[in-house]
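Step one of this worksheet: look at the structure below.
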Amino acid sequence: MKQPLRPKSERAKPFERREMTFAEKLFYPAIWEGLKVTTKHLVENIFGRKHTVTLEYPEVQRPYPERFRGQHRLMQRDDGSPRCVACMCCSTACPSNCITIVAGERPEETIEKFPMRFEIDLLKCIYCGMCVEACPCDAIRMDSGVHPKPTYNRQAAIIDKEGLLAAGAKTIATQGGTFGSRVAGHLKKHI
Amino acid sequence: MSTVTCTIDGVSVTVEKGTTILEAARTVGIEVPHFCYHPALSIAANCRMCLVHVEKARNPLPACHATVADGMVVDTASEKTKHLQEAVLEFILVNHPVDCPVCDQAGECRLQDYYRDYSARPSRLDVPKVGKPKAKPLGPNVILDAERCILCTRCVRFTEEISKDFQLQTIGRGNHTEIDTFPGTEFDSAYSLNTVDICPVGALTSRDFRFKKRVWLLSRHETVCAGCARGCASFVDHADNTVYRYVPRYNPYVNDHWMCDAGRLRFHELQDHRLRSVMNRDAKGDAEPSVGETLERIAEALRLTENGRLGILLSPSLSNEDIYALRRFGKEAMGARFYVGGRAPGDADEILVMADKNANRLGLETLVSKAALKSLDALAKDLGSGAIDVLLIAGEHELSDAVIEAIDKAAHVVALTNLDAPWLRAVDRVLPTPQTFEYDGTYVSATGRVQRFERGVQPGPSVKPAWELVCKLAKLYGYADLDFASVRSIFKEISLGEAAFRGMNWKALRPFGAQLAGVAETMSPTIHARAGKH
Ligand code: SF4
Ligand code: SF4
Ligand code: SF4
Ligand code: SF4
Ligand code: FES
């Protein structure tokens, strides 16, 4: 489809090419300028290291930004079982379809559904965090800050329930959420 | 019948006298939210979700119960009515566990939907909720979560009015009311799973489907249950190329809103015992013989067969298109003799289940005349006397040992079938065919309803419908006349050439099918049972 023409003020201005001067056509001054910068950095890096921008990875590592998510983990209930109830909200929300959950039934427990299998294929994962957003039970988190490690084969890049749980911890968030301030404000209208 | 005219949300509606506000609103596309109302059950008016304001009425009226009167002005959407809906939802949710993450109904739950549409308010409750039994088996197929139940009594009314076995009741009072079976009995009705469908929330769940799949991940296709000659209209719900459940589809001429548990769960058997690969007795090596190569061998054998020495054993479980292709090839190219087998008869009841367990007997008897279809005894006799050289068995059959022995003696036996069965040991070549939910076609129910079913899941690469195999076989054999490209083209030819099917249109078979000419149109037996009520 043809795009409608933008208003004149928004259109790109035509660019007039300027003729190069004689000095510019020679190129040598420009090469000399470049070499000067490179040599300056070389000397500075050998003596003084004042303005060095590179790090000696992996001995020295740049700290990750605060909001870096890192690898997933599965949170635990008080008894160490996963908080996950296999509701499939995360796997439904996942844009790269990399979460595999097989639900099972535990008739002896009050919360009767649990994940028999819970696997995340980290090769497919794009670390978007949608799964965390979707989870109604605070069961999956991406706050480990752990950068996924390279593996020798594809299978090793799939983390299973045990691996995810081992990285997790007990959480005190109440199932079903809390009675927050937003709620109270809303109630004023109705009471 | 006299009519009345009223105004609903500013729209003038004219309906028959005695119509309820809810149904009148439906005729103009206004949906009044409701839980306990079900079009096929009596009106209980206990949930109050459908309350609407009516001008000049002192109190709000339940739309499912109040009938319209001339000049009535109903309001289903104003702020005032919205306030009612919010309040009712709040009441219903007082003791509701809001189990949605573990609740199988989530995604198709009326309570969830209405909460989003009509309330979306946080709970104001600060006392503990009343606890009730969770995951309590009521019977072999149904599990109750009493906390989720909103006591609409749809399930109770179903067992009283449709399945008529009075197996459920409400016990207790007030907050402590629960649905339960009578002491010492269990909910073992042959129709128990229908209560799972009509339960507006996740209180009743199917033991079979429980936790298998989230409903929003399922794809849905229209199909017909091939469990008996009733041919209940249903949906096949599937995901990842696997069938997860069957759900009845409303068809007033066949099954109303219902289907039996056995038919609903039959897909397990069809999925687990299905044939997937071609079998060729004289194949060399371990590799699976190809369909083409096997058809080539069959065509070779047929070319050496004299006219009239081919026998075709048809199953009344084949689709009309399969039968038609087989009939045309058999009759026109080979002068074949036709026999009829099929699944053995079973139990019947007064509701839907029929004794004949074949989905398409009427179709078979219409397309290949009843007189031309000989019995299994005649087949055994003809095989014994050597009147048949090649036997082609199509569709599902249950054969006695005597017949299997007789078949074993035939020089060349070919089967186009879908299920593993004992008689396959007497067969030389097997070409697998799809199950009902794996291909397109039509069946004629015992009451003469022609219904279409469509493909839900993909069968394996070697699985081809019988009509397609027959067309290919005809080509290899050298009979070029039989050259159908699709089921639709076969059905078109049937509707042009066969008197009983005349005038039917493939597209117009949706949603309720068409009636076979010469068979009187009947309604579902459950509708007869409820006629004259309220
Ligand atoms: S981070 Fe995104 S891609 Fe990775 S599992 Fe979660 S939802 Fe899927
Ligand atoms: S969204 Fe949360 S509770 Fe649901 S399956 Fe995923 S991790 Fe489990
Ligand atoms: S019945 Fe509906 S609202 Fe209640 S827990 Fe189940 S899905 Fe949620
Ligand atoms: S179990 Fe379901 S259908 Fe029966 S009364 Fe409760 S909510 Fe209604
Ligand atoms: S639908 Fe009218 S009261 Fe329940």
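Protein chains get the first letters and strands the later ones, always in sequence-line order, with residue 1 at the start of each.
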Derivation and outcome, side-chain contact (heavy atoms from CB on, under 4.5 Å), residues B:R214 and A:C87: CA-CA 8 Å; B:R214 288 312 233 164; A:C87 71; 3.9 Å; yes

Enclosure of B:K82 NZ (heavy-atom neighbours >12, cutoff 6.0 Å): yes

Exercise: identify the closest heavy-atom pair between A:G104 and B:F211: O-CD1, 3.8 Å

Over 12 foreign heavy atoms within 6.0 Å of CD, A:E108: yes

Inter-residue atom distance A:K113.NZ - B:R210.CZ, 0.5 Å rounding: 9.5 Å

B:R220 atom CZ, neighbour heavy-atom count above 12 within 6.0 Å: yes

More than 12 heavy atoms from other groups under 6.0 Å of CZ on B:F91: no

Crowding at CD, A:E56 (>12 non-hydrogen neighbours, <6.0 Å): no

Interchain contact, B:V102 with chain A, by part (heavy-atom threshold 4.5 Å): both

Shortest non-hydrogen contact between A:E112 and B:A135, atoms and distance: OE2-CB, 4.0 Å

